[in-house]
2 protein chains.
Amino acid sequence: MTKPTMEDVARAAGLSRALVSLVMRGSDKVSDTSRERVLTAAAELGYRPNLAARHLASKRSLTIGLVLNDLHNPFFPEVADGVHAAATEAGYRVLINSGYLRGALEREAVESFIDLGVDGVLLAGARIGASDLEQLAARVPVTVIGRHLRSTSVDTVNNDDLAGGRLATEHLIELGHQRIVHIDGGQGAGSSQRRSGYSAAMRDHGLEPEVISAQFTEEAGLRAGRRLAGRPKPPEAIFVANDLAAVGVLGALADHGLRVPDDLSVVGYDNTSLAGIHHISLTSIDQDRQNMGRLAVEVLLERIGGGRRGAVHHVIAPSLVRRATSAAR
Amino acid sequence: MTKPTMEDVARAAGLSRALVSLVMRGSDKVSDTSRERVLTAAAELGYRPNLAARHLASKRSLTIGLVLNDLHNPFFPEVADGVHAAATEAGYRVLINSGYLRGALEREAVESFIDLGVDGVLLAGARIGASDLEQLAARVPVTVIGRHLRSTSVDTVNNDDLAGGRLATEHLIELGHQRIVHIDGGQGAGSSQRRSGYSAAMRDHGLEPEVISAQFTEEAGLRAGRRLAGRPKPPEAIFVANDLAAVGVLGALADHGLRVPDDLSVVGYDNTSLAGIHHISLTSIDQDRQNMGRLAVEVLLERIGGGRRGAVHHVIAPSLVRRATSAAR
DNA sequence: ACAGCACTTGACAGCGCTGTCGGAGCCGAT
DNA sequence: ATCGGCTCCGACAGCGCTGTCAAGTGCTGT
């Protein structure tokens, strides 16, 4: 029992293959009765067009590839929801791949999509370097989510990480904290901007910034948190570069008997589902991930459509969500 | 700047296209010098074989499709890690799709993979009905993870949910609890077995089982938790069908001022990263997800290879991980 | 009865690759 | 000199579909 082809459908419907092709492509120059016959014949046979063949012949696949930096970070699935919704509406199918937090695998994932012939690639939280991205964009339409790029060929969709970093820091300053430490996200997307926002806000208020280098993972947060908690005089507040790391920090603090927010406040970033969990209740900076996903698809499809040459850089405003981990001193 | 084809590589290398094809397919009847020349020419041109064309011609794609039921549940990314590792080792590429918790979308995801021409499909936490799965398996090799099926055409990889349900329940009984309620996972994969394990264990100890119907989501757990917490006499312990829902339950209990584990104990299932978070520290039943992912790939590749006709059903033993949400009364 | 229109056909070239063959060229071994 | 054994070539027939075109077909209206 091999898969039916167009030929089979045409025979079953008693019509020509050309007509079946037209119906499958949704042409309007087919009579309703013929369309009906083709469609029922196709349904009876369980016919589905072979995408590989279709793509080979038509140079388009109606498919976009979504590369997520890390499936374990709830941030990404939430972006994926938005992407899926928008893409589906536009008649595109979405294929997902994970970079498994490794630059090399991320690259592989993208190459794989290109080999497959997707019409465009969406990178969420890309680790790939800016110049590599530029090269990539010469081969296929690319939109990057959550990474700031001054590119003319790569579109981007971001939240304003600089403002977000500021927002978090100023929130802590307003609460009366002074010795505020930032645990950053290393090479992670948006990390440097958040760090800059933090530093700027600190200096604006005559405070000395201190940054501890880490990563966008729970594990890294845990380690950084331990270092801080182990100090003779721990900071009054910590702004952690993302929620996942913040959860690690919270764990480390608890291990050391430090109470949050009584002994010190903690603010995260992303406002992922983790932050909202009752037992965590992390004050965090929200970026509308679902919307970012949708926006990214729109931008990508514009470029695929070919209507645009220059790059578009969307920046959405982040907002503070107060929860139980931050309080006045 | 269009993509280079084999023809281009052949010309650049000064060799025939047939030879280039042989090199790309890793044939051993090519001299080392020729192979070298082809490879460097390919590298210089940035040539990569077109997968659509390759697949069309060869009837195989060296690609497997992985459909995850819900990206938001940390259980699935952890399975994905195992799948990716094993598949990569075997020279297969993995494409991911999410069912977004909806049966219809899950179906769509699978169809999409088939249209693309993947060599096999892996379903993690499938919602699709057993008979549909059977039909599916007639079209493409299928392995299901986390769902028990008495099928001769679909392979499965599971943990022993019945034993797991028992394990969780007996743990609570050993702690001296009697009024133990189970919040189940509705139609979710493995849910009915966990429920059975719970009921059997209760009856074995002369206790009356009570099941509250829910889902494998935090939201559903929250609602179910509220119902229980609102009772004049809440239960002494709750066994929740998965960690995600358990987190919801914990939130509901806390909202009602019930202390865990002082007032009542809670046990989850899956031992996901959520359970390990310090502030949650949920006692849970572990299933070795990474390993399940690997196993699923092996089984799938066996079937793809065609060496097997009958179905294989792997069942791995779950284990109890004690944490802070369960204690003696 | 005939033009005009809407639909349908069949044919063909082509997408980039696989897979298979007969045969050519070259080498060392006999 | 001869015979295999290697490599390599060129050609061909697909894979299932798209896209285009000239050439119908049947039906409508006048």
Side-chain angles (χ1 to χ4, degrees), chain A residues 1-39 41-42 45-63 111 114-119 139-140, chain B residues 1-39 41-42 45-63 93 111-112 114-119 139-140:
Chain A
M1 185 195 106
T2 173
K3 277 203 217 174
T5 73
M6 248 180 198
E7 191 75 53
D8 301 324
V9 177
R11 209 176 304 122
L15 293 166
S16 73
R17 187 177 53 195
L19 199 61
V20 176
S21 174
L22 286 178
V23 171
M24 288 305 158
R25 283 180 277 156
S27 164
D28 59 346
K29 34 191 55 185
V30 174
S31 69
D32 290 345
T33 59
S34 294
R35 182 189 315 281
E36 201 59 37
R37 265 166 70 192
V38 167
L39 256 24
L45 293 176
Y47 169 78
R48 297 205 114 222
N50 177 324
L51 289 186
R54 165 176 284 185
H55 164 235
L56 194 56
S58 75
K59 317 305 271 161
R60 50 190 310 218
S61 57
L62 288 181
T63 302
E111 292 296 345
I114 296 182
D115 297 347
L116 250 175
V118 298
D119 292 338
R139 299 202 281 150
V140 67
Chain B
M1 185 195 111
T2 174
K3 277 202 216 173
T5 73
M6 244 179 202
E7 190 74 53
D8 301 325
V9 176
R11 210 175 306 122
L15 293 166
S16 74
R17 187 177 54 195
L19 201 60
V20 176
S21 175
L22 285 178
V23 171
M24 289 304 158
R25 283 180 276 155
S27 164
D28 58 347
K29 32 193 56 184
V30 175
S31 68
D32 289 345
T33 59
S34 294
R35 181 190 314 283
E36 202 58 39
R37 265 166 70 193
V38 167
L39 256 24
L45 293 177
Y47 169 79
R48 298 205 114 223
N50 177 325
L51 290 186
R54 166 176 283 185
H55 164 236
L56 194 56
S58 75
K59 316 307 271 163
R60 50 192 309 222
S61 58
L62 288 180
T63 302
R93 126 193 50 247
E111 292 295 345
S112 190
I114 296 182
D115 296 347
L116 249 177
V118 298
D119 292 339
R139 299 202 281 151
V140 67

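Keep in mind it's a predicted model, so treat the numbers as computed, not measured. Letters A, B, ... mirror the listed sequences (proteins, then strands); counts begin at 1.
- Put simply, CG on B/Asp28 is 12 Å from P on D/dC8, counting in whole angstrom units.
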**OP:** At under 4.0 Å between heavy atoms, which parts of nucleotides 16-24 of chain C does protein reach? Answer with one letter per nucleotide, 5' to 3': B base, S sugar-phosphate only, - none.
**Re:** BBSB-----
Write down the protein N/O and nucleotide N/O pairs, taken from nucleotides 24-29 of chain D, whose separation is under 3.5 Å; answer none if there are no such pairs.
none

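- Salt bridge status for B/Arg139 with B/Glu111: present, with a side-chain N to carboxylate O gap under 4.0 Å.
- Listed by first and then second residue, the salt bridge (Lys or Arg N to Asp or Glu O under 4.0 Å) pairs involving residues 20-33 of chain A amount to none (not counting sequence neighbours).
- Of all heavy-atom pairs spanning B/Leu116 and A/Ala52, the tightest one is O-CB, 4.4 Å.
- Protein atom CG of B/Leu116 is 16 Å distant from nucleotide atom C1' of D/dC15, rounded to whole Å.
- Take A/Arg60 and apply the side-chain contact (heavy atoms from CB on, under 4.5 Å) test, not counting sequence neighbours, and it matches A/Ser58, A/Leu62, A/Tyr92, A/Asp119.
- Looking at A/Met6 and A/Asn50, their side chains never come closer than 4.5 Å, going by heavy atoms from C-beta outward.
- Between A/Lys3 and B/Ile114, the shortest heavy-atom contact is NZ-O, 3.1 Å.
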Output side-chain donor-acceptor pairs under 3.5 Å for residues 11-19 of chain A, partner residues at least two apart or in another chain, one line each.
residue : atom : partner : partner atom : Å
A/Ser16 : OG   : A/Leu19 : N            : 3.3
A/Arg17 : NH1  : A/Glu7  : OE1          : 2.9

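- Looking at residues two or more places apart in sequence or on another chain, you find no side chain to side chain donor-acceptor pair (under 3.5 Å) involving B/Thr5.
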